[in-house]
Amino acid sequence: MPFIENVSYSDLERLALERLTPALLSHGFCYVDGLLGDLAGSAVLDQVMEMHRSGQLQDGRLAGSIPGVSRKSIRGDQIAWVSGSERGCEAINFLLNLIDRLISVCASRLEDKAIRERSKAMVACYPGDGAGYVKHVDNPNRDGRRLTCIYYLNKNWNPKEHGGVLRIFPEGKPYVADIKPLFDRLLIFWSDRRNPHEVQPSYSTRYAITVWYFDSEERAQAKKRFRDLTASTEQQGSSSS
Ligand SMILES: O=C(O)CCC(=O)Nc1cc2ccccc2cn1
Ligand SMILES: [Mn+2]
């Protein structure tokens, strides 16, 4: 299905240079509305809704379980990881390519030039049962994730009625930033301790697609630490058995 590329590269480049990069450097986060336009944005929404309808979204996992604390009270999202090449993800793939182009223009001017790779896309749905996501930092311990990019898909979202606001608590700043998860809105922020954030309880179905861009050096070091850790635990395991 051919998509109308409603933003030429120059628009995209201008958006990245004149708005996204300065905001990331001064505030540490920024968002853009009307990224794809209604036609392409709705095509992405339709594909996400079909994934939800067909049961492809599963409960988000926690790093560790806490006895007596229900997972849903910490994070109530249902997720699926997609590369974009799957059948039925063509519009999602179009979105990911556009965000890749935006970030590659930004990366050439941001504090580190090593933003070269990204995660798969995490398609997320908060089912609207009052679940949210407690305050957290995406990358508290240098796992390689540098930028968090979240594309929201929620038409006619009214926070007074539906909640679901993403609240960012910028480190060291006297204010918080309340971001409504509005349709065709792209939010970008530094993934590390500069941006603790929470999703407030959502009372309507709330869809979003997230990708994380890695700093290649930090990612390589994190992978090495993980390899060393698993090697040493296996060694201990074999020596104690
Ligand atoms: O939907 C939003 O507005 C943001 C939700 C959010 O922070 N999701 C999220 C999801 C995550 C999944 C795995 C690992 C870390 C994660 C960190 N954050
Ligand atoms: Mn997060």
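Keep in mind that what you see is a predicted model, and the values were worked out from it rather than measured.
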R219 and E117: salt bridge (Lys or Arg N to Asp or Glu O under 4.0 Å), yes or no, with the steps? CA-CA 10 Å; R219 183 72 175 158; E117 49 192 330; 6.0 Å; no

Side chain to side chain donor-acceptor pair (under 3.5 Å) between D100 and Y213: does it pass, once the steps are laid out? CA-CA 9 Å; D100 284 348; Y213 287 84; 2.6 Å; yes

Quick check with a 6.0 Å cut-off and a 45 degree axis cone: is K135 positioned over the face of F169's six-membered ring? yes

Is it the case that the side chain of S216 and the backbone of A114 share a donor-acceptor pair, with hydrogens and angles ignored and the cut-off at 3.5 Å? yes

Derivation and outcome, salt bridge (Lys or Arg N to Asp or Glu O under 4.0 Å), residues R142 and E218: CA-CA 7 Å; R142 299 185 60 75; E218 184 180 309; 3.5 Å; yes

Under the 3.5 angstrom rule, does the side chain of S83 hit a backbone N or O of S85 as a donor-acceptor pair? yes

W190/L110 under side chain to side chain contact (heavy atoms under 4.5 Å, CB included): CA gap, chis, key distance, verdict: CA-CA 11 Å; W190 298 114; L110 286 168; 4.0 Å; yes

So CD of Q58 and SG of C125: to nearest 0.5 Å the spacing works out to 12.0 Å

Can you name the nearest heavy-atom pair linking G28 to N195, along with the distance? O-ND2, 3.1 Å

Can you list everything that forms a salt bridge (charged side-chain N to carboxylate O under 4.0 Å, His left out) with R75? Sequence neighbours excluded, please. D77

Across all chains, not counting sequence neighbours, the salt bridge (charged side-chain N to carboxylate O under 4.0 Å, His left out) partners of D129 are K72

Side chains of Y152 and L182 in contact at under 4.5 Å (non-hydrogen atoms): no

Does the W81 side chain pair with the main chain of V123, one donor and one acceptor, at a distance under 3.5 Å? no

At their closest point, which heavy atom of L20 faces which heavy atom of C30, and how far apart are they? CD2-SG, 3.5 Å

Taking G88's backbone N and O only, do any of them form a donor-acceptor pair with Q47's side chain (distance below 3.5 Å, no angle check)? yes

Flag yes if more than 12 heavy atoms outside N156 fall under 6.0 Å of its CG atom; otherwise flag no. no

Are any of the side-chain heavy atoms of V82 and I209 separated by less than 4.5 Å? no

Heavy-atom pair with the smallest gap, counting every atom of S26 and K173: O-NZ, 3.9 Å

Write down the atom of G130, the atom of P201, and the distance for their closest heavy-atom approach. O-CB, 3.1 Å

Compare all side-chain heavy atoms of L96 with those of L98 and state whether any distance is below 4.5 angstrom. no

How many angstroms lie between atom CZ of R145 and atom OG of S119, to the nearest 0.5 angstrom? 8.0 Å

Go through the steps to decide whether R167 and V176 satisfy the test side chain to side chain contact (heavy atoms under 4.5 Å, CB included), and finish with yes or no. CA-CA 7 Å; R167 172 163 287 180; V176 295; 3.7 Å; yes

Residues Q56 and E50: side-chain donor-acceptor under 3.5 angstrom: no

Before accepting this row, confirm whether a basic side-chain N of the pair D33/R185 lies closer than 4.0 Å to the acidic partner's carboxylate O. yes

Reported CG-to-OH distance for the pair L186 and Y31, which is rounded to 0.5 angstrom: 12.0 Å

Does M51 share a hydrophobic cluster with Y126, counting links as ILVMFWY side-chain heavy atoms below 4.5 Å and allowing steps through other members? no

Centroid-to-centroid, H197 to F189, below 6.0 Å? yes

Which atom of T205 lies closest to which atom of P127, heavy atoms considered: OG1-O, 3.8 Å

V165 and I179, any side-chain heavy atoms less than 4.5 Å apart: no

Smallest heavy-atom separation, L45 atom then L153 atom, equals CD1-O, 3.4 Å

Verdict with reasoning, R193 to N141, per side chain to side chain donor-acceptor pair (under 3.5 Å): CA-CA 9 Å; R193 294 171 187 265; N141 305 312; 3.1 Å; yes

For the CG atom of L15 and the CG atom of D11, what is their distance to the nearest 0.5 Å? 8.5 Å

Hey, would you say the Y207 and H52 ring centroids sit under 6.0 Å apart? yes

Roughly how far, to the nearest 0.5 Å, is the NZ atom of K120 from the CD atom of E86? 6.0 Å

When you check the side-chain N and O atoms of D184 and Y151, is any donor under 3.5 Å from an acceptor? yes

Looking at D138, N139, T148, which hits side chain to side chain donor-acceptor pair (under 3.5 Å) with S191? T148

Criterion side chain to side chain contact (heavy atoms under 4.5 Å, CB included) on M122 and W212, from CA distance to verdict: CA-CA 9 Å; M122 185 186 75; W212 283 275; 3.9 Å; yes

Hey, mind stepping through F183 and S42 against side chain to side chain contact (heavy atoms under 4.5 Å, CB included) and telling me if it holds? CA-CA 9 Å; F183 173 72; S42 297; 3.7 Å; yes

How about T210 and C149: do any of their side-chain heavy atoms sit closer than 4.5 Å? no

L57 side chain near I79 side chain, heavy-atom distance below 4.5 Å: no

dist N97:CG -> I92:CD1 (nearest 0.5 Å) comes out at 12.0 Å

Does either side chain, that of N154 or that of H162, offer a donor lying less than 3.5 Å from an acceptor on the other one? no

Compare all side-chain heavy atoms of R71 with those of D59 and state whether any distance is below 4.5 angstrom. yes

